[in-house]
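Only a predicted model underlies this, so the values are computations on that prediction, with no experimental measurement involved. The figures that follow rest on heavy atoms only: side chains count, while hydrogens, waters and symmetry mates do not. Quick note: residue numbers are just sequence positions, from 1.
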Amino acid sequence: MTAQIDKTHLEPLRQRLAEFAATRDWDQFHSPKNLSMALIGEAAELVEHFQWLTQAQSATLSAEKHQAVSQELADILIYLIRIADKLDVDLIQAAWDKTELNESRYPADKVRGDARRAKEYS
């Protein structure tokens, strides 16, 4: 009987992606630099789906466009996980740490409704 894969956490996905690359001998190409460049390429492909759309259109995608955007987001996540794996970064912890930092840099009572950079607030 095949073991059930936990699809609710990043670690099993990280492992599967590492195995995927290893079994194809692609690990040799997966340096943080190369993975970062690939991630940027995928991010650009994501942006193409929204280019020239209005705000409203970007929030109400057709089923076909939604599927295409989903695939681009998956590519971005895959490359992000691979970079983090190569650099031994716990993405979940890093995201929690960054959220905590942003909460202190952007206190709600000070920045509500204002989208400037943190250094622009006095």
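Listed here is the closest heavy atom pair of Ser104 and Pro107: O-CD, 3.7 Å. Between Ile76 and Ala43, the shortest heavy-atom contact is CD1-CA, 3.7 Å. For the pair Arg116 and Tyr106, the tightest heavy-atom approach, listed with the atom from each and the gap, is O-CE2, 3.6 Å.
The side chain to side chain contact (heavy atoms under 4.5 Å, CB included) search around Gln71 returns Gln67, not counting sequence neighbours.
In this structure, CG in Leu61 is found 7.0 Å from CG in Leu53, a value given to the nearest 0.5 Å. A distance of 13.0 Å separates CD of Gln51 from OG of Ser58, quoted to the nearest 0.5 Å. Between the CG atom in Leu87 and the CD1 atom in Ile83 there is a gap of 7.5 Å [rounded to 0.5 Å]. Rounded to the nearest 0.5 angstrom, Ile81 CD1 and Leu35 CG are separated by 11.5 Å. Taking OG of Ser70 as the reference point, atom CG of Leu73 lies at 6.5 Å (rounded to 0.5 Å). Annotation: the span from Phe20 atom CZ to Ile78 atom CD1 amounts to 8.0 Å, rounded to 0.5 Å.
At a threshold of 4.5 Å between side-chain heavy atoms, the hydrophobic network of Ile, Leu, Val, Met, Phe, Trp and Tyr places Val89 and Ile40 in one connected group.
Counting only residues at least two apart or on different chains, the side-chain hydrogen bond (donor to acceptor under 3.5 Å, both in side chains) pairs with a member in residues 88-100 are Gln93-Asp97. Evaluation of the salt bridge (charged side-chain N to carboxylate O under 4.0 Å, His left out) test over residues 37-49, restricted to residues two or more places apart or in two chains, returns none. For residues 4-13, every residue pair satisfying the salt bridge (charged side-chain N to carboxylate O under 4.0 Å, His left out) rule, not counting sequence neighbours, is listed here: Glu11-Arg14. Each ring pair (Phe, Tyr, Trp, His ring centres under 6.0 Å) pair with one or both residues in residues 29-54, not counting sequence neighbours, would appear here, but there are none. Within the structure, salt bridge (charged side-chain N to carboxylate O under 4.0 Å, His left out) contacts touching residues 15-29 (residues at least two apart or in different chains) are Asp27-Arg82, Asp27-Lys86.
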task: Could you check Gln57 against Thr54 for side-chain contact (heavy atoms from CB on, under 4.5 Å), going step by step and ending with a plain yes or no?
output: CA-CA 5 Å; Gln57 290 169 329; Thr54 66; 3.2 Å; yes
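For the pair Leu10/Ile92, a side-chain contact is recorded, criterion being any heavy-atom separation below 4.5 Å from C-beta on.
Around the CD atom of Glu64, the shell of radius 6.0 Å holds no more than 12 heavy atoms that belong to other residues, nucleotides or ligands.
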